[in-house]
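Remember, predicted model here, so these are calculated numbers, not experimental data. Note that ligands are numbered from 1 as they come in the structure, with each ligand's atoms numbered from 1 the same way.
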Amino acid sequence: MTEPLRPGQTIGILGGGQLGRMLSMAAARLGFRVHVYEPSRNPPAGETSASLTTAPYEDADALLAFARSVDVVTYEFENVPASALDIIEAEVPIRPNRQALAVSQDRLTEKTFLTDIGLETAPFAPVTTDEATLAQAMAVTGMPAILKTRRLGYDGKGQARIKDRRDATAALDAMDGADAILEGFVPFDREISVIAARGLDDQIACFEPGENVHKDGILHTTTVPASITEDLREKAFGVAGTILAALDYVGVIGVELFAKGDHLLVNEIAPRVHNSGHWTEAGAVIDQFEQHIRAIAGLPLVDPVRHSDVVMTNIIGHDMDRVPEIAREMGVKLHLYGKTATKPGRKMGHVTRIIRPAADRH
Ligand code: AMP
């Protein structure tokens with residue numbers, strides 16, 4: 001498919017969490033139908049989509065029927081098994097492409113890719129269950145360092161900090177036999193992220209970088225604009241553009257960066273819409289969800305002009321108790337994901353507070 005999707009055509013989304021839910025609402029606004037594929041029952045995106053398949057990623061028949069019912073497939077999380085993608089790709093285009101998924105599914109592949117295309121990252125080295133590899137890796141990264149599982153880590157899970165050699169054995173045990181990567185600890189000034197998009201016509205559009213604060217390994221707030229120099233801001237756009245072009249990417253990407261002096265080090269890339277881009281709903285002329293749908297549907301991208309300074313705060317677990325109070329505030333955009341069970345650490349929604357009109361309108 002190189003022609004743009006027409007209204008009434010169907011977008012398939014792998015994964016039915018809150019990102020899938022917000023993507024499906026954006027798709028509906030543009031006149032598309034959405035078919036969500038999700039293994040668990042009653043997912044947040046089920047309520048906002050025209051069709052829902054509830055089946056595991058190992059169910060070849062269900063995957064084939066899903067692929068045949070849609071015109072393009074996208075995803076809301078990066079850990080879709082390769083075997084499922086093989087079945088889908090034989091029927092219908094997957095956007096962003098599989099290279100983007102392969103790179104971001106494995107932290108070692110990701111860091112190697114990033115340094116190969118000339119970008120700066122924390123020093124890193126591979127670690128296996130063999131303790132000798134950890135000692136070798138420590139010689140590369142120095143101390144302190146962070147040991148992370150190569151695959152399936154998120155929100156700070158599957159990570160162990162190593163302050164000195166005495167922590168090494170415990171850190172290796174925490175990996176539970178999984179292959180890992182050791183990263184040197186970056187004493188960053190701040191964490192920022194760029195949400196950027198690339199269209200089928202190679203056009204690139206970047207949202208203003210946001211400044212992120214994490215609590216207990218989970219994103220807490222994103223403040224936009226980030227307090228960075230114009231030089232770093234331009235560098236951040238350059239980093240995003242380099243990654244998008246190198247991957248021949250189509251869709252929205254989230255690029256997490258450590259800012260340190262006049263350096264930007266890439267921490268992680270997410271080949272999808274990203275929690276730190278939720279502010280765009282309230283602070284920019286187009287949100288990341290519509291931009292992603294436009295890109296994968298072959299529509300032109302919108303120049304993502306920011307009109308307001310904003311702070312996005314995640315509503316996590318029992319923060320839900322404060323929702324009635326938040327709902328009474330003026331100048332806020334409240335977004336809940338329709339999850340009924342509240343658990344500690346579970347993302348239940350977010351609120352974006354408009355602080356003031358943007359001075360520079362980037
Ligand atoms: P990650 O899951 O890799 O995004 O890591 C979660 C959080 O841990 C990041 O947002 C940082 O706050 C912190 N972190 C991860 N890697 C490093 C590093 N190499 N140096 C310093 N802080 C890090």
Hits for salt bridge (charged side-chain N to carboxylate O under 4.0 Å, His left out) against D309, two or more places apart or cross-chain, chain-then-number order -> R306, R356
Per-atom contacts of ligand 1 with V186, taking only distances under 4.0 Å to non-hydrogen atoms
18 (C), 20 (N), 21 (C)
Check the side chains of H292 and T74 for a donor-acceptor pair under 3.5 angstrom, ignoring hydrogens and angles.
yes
Beyond-backbone contact of E38 with I13, side-chain heavy atoms, under 4.5 angstrom
no
Give the atom numbers and elements of ligand 1 that come within less than 4.0 Å of a heavy atom of K148.
1 (P), 3 (O), 15 (C), 16 (N)
Nearest to atom 1 (P) of ligand 1 by heavy atom, Q159, K260, R161: which?
Q159
Is there a polar contact, in the sense of an N or O pair closer than 3.5 Å, between A122 and ligand 1?
no
Whether the T53 and H35 side chains hold a donor-acceptor pair (N or O, under 3.5 Å, no angle test) is what I'd like checked.
yes
Sequence neighbours excluded, which residues qualify as side-chain contact (heavy atoms from CB on, under 4.5 Å) partners of Q203?
D201, L301
Proximity of N267 to ligand 1 by residue part, where a heavy atom lies under 4.0 Å
side chain
Does the side chain of S51 come within less than 4.5 Å of R33's, by heavy atoms?
yes
Distance-only donor-acceptor check, side chains S276 and E256, under 3.5 Å:
no
Under 4.0 Å from one or more heavy atoms of H214, ligand 1 contributes atoms 10 (O)
At a 4.0 Å threshold, what atoms of ligand 1 neighbour a non-hydrogen atom of E191?
9 (C), 10 (O), 11 (C), 12 (O)
Only heavy atoms of E256, strictly under 4.0 Å: list the atoms of ligand 1 that pass.
4 (O)
Find all atoms of ligand 1 within a distance of less than 4.0 Å from any non-hydrogen atom belonging to F258, and give their numbers and elements.
11 (C), 14 (N), 16 (N), 17 (C), 18 (C), 22 (N), 23 (C)
Any P187 heavy atom less than 4.0 Å to ligand 1
no
